[in-house]
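Structure first, commentary second.
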Number of protein chains: 2
Amino acid sequence: MNETNLCPRLAKAMDLIGKRWTGLILYQLLDGPQRFNEIESALPVSGRLLSERLKELEKEGLVERRVYSEVPVRVEYSLTDKGRALEGAIRNIESWATSWL
Amino acid sequence: MNETNLCPRLAKAMDLIGKRWTGLILYQLLDGPQRFNEIESALPVSGRLLSERLKELEKEGLVERRVYSEVPVRVEYSLTDKGRALEGAIRNIESWATSWL
DNA sequence: GTAACTTATTTACTTATCGTAATTTATTTA
DNA sequence: TAAATAAATTACGATAAGTAAATAAGTTAC
């Protein structure tokens, strides 16, 4: 591992997207706000990692977390503008997948 | 972890792209064929993982490996059509990175 | 009043993957 | 025969992921 002159923003973007489950979580949220269990049921990801990833994405400002004090509590996750701005990239991967896989 | 009705092609695409370093390796190869050490120098990835990732990408048909029996040996990696078809997605991530990071 | 239920999250523990550095292979030159 | 070079592999400690059980906070059932 060495020093490079790689664009740090691209490196960070790839580090985000290139983290396991992140792409699929964002893809899932393109359908609109969803609660924790919905996402967990839609994807083959465990609650442990889903929680961890959502926390990272929230910290990076791609995802917003909203708590509804109902019974039992409801927590909804949705994309921010920054997160939704990745839709093009994700759709691109989606169409590549249908063409080439 | 559970059973889902997630599109298996998208899942596979995300699994490929979403593997550490894969995105940056493909991005690097968009500049044209490059030898092992060039890629290793351009990215903060160790030889151990670069070798592993290139092998995976070759197996999936995104990257082609060509050996030149010179002294010392030269090995060049380049994108296949299938690999180059991801350029749009990668460029999309790149422009997102410059806009939002 | 307390026992059971629900959703979101966390903890504990095992297994898999990563990062670093040294080693190997094959071939040529000093 | 020792050194050099490029590509790849190996060994091993460190980090991250997978699985299942536990926790928190509030509500309803008994």
Side-chain angles (χ1 to χ4, degrees), chain A residues 1-4 6 8 11-12 14-26 28-29 32-60 62-79, chain B residues 1-4 6 8 11-12 14-26 28-29 32-60 62-79:
Chain A
M1 215 103 126
N2 37 41
E3 292 308 314
T4 72
L6 176 64
K12 179 168 185 179
M14 286 296 188
D15 194 51
L16 269 170
I17 308 287
K19 216 162 219 166
R20 206 165 197 182
W21 304 119
T22 302
L24 287 174
I25 291 169
L26 294 174
Q28 187 62 27
L29 288 177
Q34 284 169 68
R35 53 201 305 188
F36 190 88
N37 279 335
E38 281 182 280
I39 307 174
E40 192 180 9
S41 301
L43 303 176
V45 65
S46 68
R48 182 194 165 287
L49 278 197
L50 179 56
S51 178
E52 195 171 305
R53 287 292 179 273
L54 286 169
K55 208 175 288 179
E56 292 165 6
L57 290 171
E58 191 192 2
K59 177 165 145 261
E60 293 295 331
L62 309 205
V63 160
E64 189 183 28
R65 178 178 186 271
R66 194 165 290 168
V67 180
Y68 298 88
S69 297
E70 302 174 353
V71 171
V73 67
R74 176 162 62 104
V75 180
E76 274 195 355
Y77 292 90
S78 57
L79 294 179
Chain B
M1 213 102 125
N2 37 41
E3 291 309 314
T4 72
L6 177 64
K12 180 167 185 181
M14 287 296 188
D15 193 51
L16 270 171
I17 310 286
K19 218 162 218 167
R20 205 167 198 182
W21 306 120
T22 302
L24 287 174
I25 292 169
L26 294 174
Q28 187 62 26
L29 288 176
Q34 286 170 66
R35 52 202 303 190
F36 189 89
N37 278 334
E38 281 183 279
I39 307 174
E40 192 179 9
S41 301
L43 302 176
V45 65
S46 68
R48 181 193 165 288
L49 278 196
L50 179 56
S51 177
E52 195 171 305
R53 287 293 179 273
L54 286 169
K55 207 175 288 180
E56 291 165 6
L57 289 172
E58 191 193 2
K59 177 166 145 260
E60 293 295 332
L62 309 204
V63 161
E64 188 184 27
R65 180 179 186 268
R66 193 165 292 169
V67 180
Y68 296 89
S69 297
E70 301 173 357
V71 171
V73 67
R74 178 162 61 103
V75 180
E76 275 194 356
Y77 293 90
S78 57
L79 294 179

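Chain identifiers are assigned alphabetically (A, B, ...) following the order of the sequence lines, protein sequences preceding nucleic acid strands; residue numbering begins at 1 within each chain. Values below: all heavy atoms of this structure, side chains included; hydrogens, waters and symmetry mates excluded.
- Considering only side-chain atoms of R53(A), the nucleotide from dA8(D), dA7(D), dA17(D) that sits closest is dA17(D).
- Atom-to-atom, CG of L43(A) to C1' of dA17(D) comes out at 16 Å; the value is rounded to the nearest Å.
- Nearest to the side-chain atoms of R48(A) among the listed nucleotides dA8(C), dC18(C), dT11(C) stands dT11(C).
- Looking only at atom types and distance, the side chain of Q34(B) has no donor-acceptor partner in the side chain of E76(B) under 3.5 Å away.
- Y77(B) comes within 4.0 angstrom of sugar-phosphate atoms only, judged by non-hydrogen atoms across all strands, and of no base.
- Residue E40(B) contributes atom CD, which lies 13 Å from atom C1' of dT9(D) at whole-angstrom precision.
- Using a 4.0 Å heavy-atom criterion, one finds that F36(A) contacts the bases of the nucleic acid, with or without backbone contacts as well.
- The CD atom of E58(B) sits 9 Å away from the P atom of dA8(D) (whole-angstrom rounding).
- Look at dA30(C): its Watson-Crick or wobble partner, with both distances under 3.5 angstrom, is dT1(D).
- Between the P atom of dT10(C) and the CG atom of L54(A) lies a distance of 11 Å, rounded to the nearest Å.
- Not a single donor-acceptor pair under 3.5 Å links the side chain of E60(A) to the backbone N or O of L57(A).
- The side chain of K55(B) contributes no N or O atom lying less than 4.0 Å from OP1 or OP2 of dA8(D).
- Taking every side-chain heavy atom of N37(A) into account, dT7(C) is the closest of dA6(D), dT11(C), dT7(C).
- Taking side-chain N and O atoms only, S51(A) has a distance below 4.0 Å to OP1 or OP2 of dT10(C).
- Look at CD on E52(B): it is 18 Å from P on dA7(D), rounded to the nearest Å.
- For dA17(D), the OP1/OP2 oxygens have no side-chain nitrogen or oxygen of W21(A) closer than 4.0 Å.
- The interatomic distance linking Q34(A) (CD) with dA8(C) (P) rounds to 12 Å, in whole Å.
- To the nearest angstrom, C1' of dT19(D) lies 11 Å from CG of L49(A).
- Look at R20(B) and you won't find any side-chain N or O under 4.0 angstrom from OP1 or OP2 of dA16(D).
- In this structure, R53(B) pairs ionically with E56(B), as a charged nitrogen and a carboxylate oxygen lie closer than 4.0 Å.
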Short heteroatom pairs, N/O only, protein and nucleotides 25-30 of chain C, under 3.5 Å:
none

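- Look at R35(B) and you'll find a side-chain N or O under 4.0 angstrom from OP1 or OP2 of dA7(D).
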